[in-house]
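Worksheet: the structure to be examined is printed underneath.
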Protein chains: 2
Amino acid sequence: MDSTRDKIIKAASSLFYKQGIRSVSVDAIAEKAGLTKRSLYYHFKSKDDLIEAYLKGRDKPNLDTFEKWYEEAEGDAGQKVRAIFTNLARSARSPNWKGCGFLRTSAELVTMPGHPALKAANQHKAGFERWLGDRLASAGASHPKGLPQQIRLLLDGAFSVVLLNRDPTYMEIAGEAAQTLVKASLNAVKVSVAD
Amino acid sequence: MDSTRDKIIKAASSLFYKQGIRSVSVDAIAEKAGLTKRSLYYHFKSKDDLIEAYLKGRDKPNLDTFEKWYEEAEGDAGQKVRAIFTNLARSARSPNWKGCGFLRTSAELVTMPGHPALKAANQHKAGFERWLGDRLASAGASHPKGLPQQIRLLLDGAFSVVLLNRDPTYMEIAGEAAQTLVKASLNAVKVSVAD
DNA sequence: CGTTGTATACCGACTAGTGAATATACAGTA
DNA sequence: TACTGTATATTCACTAGTCGGTATACAACG
């Protein structure tokens, strides 16, 4: 039993992800949600408000998916990180896959720095880094200087590259690189402990 | 002495890069180019045509800049690759910097797979990988399996991340990671030769 | 005379957002 | 039980403006 507000967010999210922000009209969202535009404007004060709600609503589900992929993977931290990319590669093979909604929205809203949706996108990505840093730290790679950021760079790079060339192989390549970096970081710790 | 066509491409490129594709009207481009819309449509058959010309026009200049940065850097291949990211970090500190036009365009045109502009973007990125692969190969990292792709992933990742969070530090972090990967690849070759 | 290029003026479709009326649900009260 | 007040939620019809693209005309030039 979705509230009306939830129905609107669902409709908006689906359309925004599929087609982008500017190319989706408020009319289209209202129609998909099964109500008139005027009703939509009763629940949201503007289209910008809707964009923000879209990204805020994707934060937890996305993070939960990463968490699940990481947990159910076998092996050491490097292999578990790599598993995220492997799973993403599988997703990317679906024709419905359209890259990362956060990144695409940020590309479209360059003219609006400070837009609340961009803040939400930033918080989501920062949350991912924090989560990854925690996992890595508890795996022994204590204080892996810049490692979560490096992996995030590979992840967001893979999103962008595969969106452009539609070759999910790049997702696997990014996964290999991420595993290499984790391994290098663990070795560095081992060496410094041995000294 | 720019031809009318060149003036139009310049105006379009400037506006597209600054504001994105959909948010720029053909009227605005015509005005910036100093002619009427009807004249613009004499030289280009559609806005899509203009988008394609925009990206095609950016291919060589961008590649040349990378080439220059690589050549003028000191040190081994790893350090030269890293220099590209360092230079990019400097660019990214300018308020006019708006990420990678190819990537942003690809994010905006998700609904138009096969769009000629997307093909141009793909060719540009493939050209970058080829160029990088050549440099790496002649530096001794012969057939560095997936290395140019990995570095491209870091590069495009850095474009996307810095566009979102406006923190050029990530450009440097990507540069470090790229250097690490080059070094690891060179070592792997050394080891396999020693065996 | 014909080709190339420019200008004015316009088209139909679509845009985000709003004014004003109305339907629905539920509280207090006689 | 029946009436009334009020907040919530929804609808239709509309505004004022923008969009990509075009019909028509005409000027310059070889």
Side-chain angles (χ1 to χ4, degrees), chain A residues 1-55 104-105 107-118, chain B residues 1-56 104-105 107-118 120:
Chain A
M1 52 157 207
D2 272 355
S3 70
T4 302
R5 196 188 149 88
D6 286 345
K7 269 196 302 202
I8 296 170
I9 294 182
K10 271 190 187 167
S13 298
S14 159
L15 290 172
F16 282 151
Y17 181 72
K18 227 176 284 182
Q19 310 177 34
I21 306 297
R22 295 196 74 108
S23 76
V24 169
S25 71
V26 177
D27 287 283
I29 297 169
E31 190 189 335
K32 176 140 193 169
L35 34 71
T36 53
K37 181 162 57 164
R38 199 66 186 82
S39 301
L40 184 152
Y41 272 103
Y42 175 81
H43 295 275
F44 295 88
K45 71 176 211 293
S46 66
K47 187 181 180 181
D48 287 315
D49 204 18
L50 220 37
I51 303 167
E52 184 188 1
Y54 155 50
L55 290 191
R104 277 174 47 213
T105 302
E108 269 200 78
L109 300 189
V110 267
T111 54
M112 321 180 79
H115 191 294
L118 295 181
Chain B
M1 53 155 206
D2 272 356
S3 71
T4 302
R5 196 188 149 88
D6 285 346
K7 270 197 302 203
I8 296 171
I9 294 182
K10 270 190 188 168
S13 298
S14 159
L15 290 172
F16 283 151
Y17 181 72
K18 228 177 282 182
Q19 309 176 35
I21 306 297
R22 294 198 72 108
S23 76
V24 169
S25 70
V26 177
D27 288 283
I29 297 170
E31 190 189 337
K32 176 141 193 166
L35 33 69
T36 57
K37 183 163 58 164
R38 192 60 189 84
S39 301
L40 184 152
Y41 272 103
Y42 176 80
H43 295 275
F44 295 88
K45 69 175 214 292
S46 66
K47 187 181 182 181
D48 288 315
D49 204 16
L50 222 37
I51 304 168
E52 184 188 2
Y54 154 51
L55 290 191
K56 278 191 169 162
R104 275 173 47 214
T105 302
E108 267 198 80
L109 300 188
V110 269
T111 52
M112 320 179 77
H115 191 293
L118 296 181

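The structure presented is a predicted model; accordingly, all values stated were derived computationally and were not measured. We name chains A, B, ... by the order of the sequence lines, and we start the count at 1 in each one.
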* Would you check if B:D49 and B:E52 make a side-chain contact, meaning some heavy-atom pair closer than 4.5 Å? =>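 Yes; the side chains approach each other to less than 4.5 Å.
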* Would you check if A:D48 and A:M112 make a side-chain contact, meaning some heavy-atom pair closer than 4.5 Å? =>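 SC-SC contact between A:D48 and A:M112 confirmed.
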Collect all protein-nucleotide pairs involving nucleotides 23-28 of chain D in which both atoms are nitrogen or oxygen and the distance is under 3.5 Å.
{"from": "D:dA23", "atom 1": "N6", "to": "B:R38", "atom 2": "NE", "distance (Å)": "3.3"}

Return the [atom1] to [atom2] distance between [X] and [Y], rounded to the nearest 0.5 Å.
X     : Y      : atom1 : atom2 : answer
B:I21 : B:K47  : CD1   : NZ    : 7.0 Å
B:S25 : B:E31  : OG    : CD    : 8.5 Å
B:I51 : B:H115 : CD1   : NE2   : 4.5 Å
B:R5  : B:L40  : CZ    : CG    : 10.5 Å

* Asked: Just checking A:T36: base, sugar-phosphate only, or nothing, at a heavy-atom cut-off of under 4.0 Å?
  ->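 It contacts base atoms.
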* Asked: Which part of the nucleic acid, if any, lies within reach of B:S39 when heavy atoms closer than 4.0 Å are counted: base, sugar-phosphate only, or nothing?
  ->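 The residue B:S39 makes base contact.
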* To do: Tell me which of A:V24 and B:G34 sits closer to the 5' end of DNA chain C, going by the nucleotide each one is nearest to.
  =>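 That would be B:G34.
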* To do: Could you note down all residue pairs passing ring-ring contact (aromatic ring centres under 6.0 Å, His included) where residues 3-39 of chain B supplies at least one of them, sequence neighbours left out?
  =>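 Checked against ring-ring contact (aromatic ring centres under 6.0 Å, His included) - neighbours excluded - the pairs reaching residues 3-39 of chain B are B:F16-B:Y54.
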* First and last nucleotide of DNA chain C, 5' to 3', lying under 4.0 Å from heavy atoms of chain B ->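 Taking any atom under 4.0 Å from a heavy atom of chain B, the span is C:dT4 to C:dT8.
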* Asked: Do the side chain of B:K47 and the base of D:dG21 come within less than 3.5 angstrom through a donor-acceptor pair of N or O atoms?
  ->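 By the distance-only test, no, there is no pair.
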* How many Å lie between CD1 on B:I51 and P on D:dG20, as a whole number? ->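 After rounding, the gap between these two atoms is 9 Å.
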* To do: Could you check how far CZ of A:R22 sits from C1' of D:dC19, rounded to whole Å?
  =>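 Computing the A:R22:CZ to D:dC19:C1' distance gives 11 Å.
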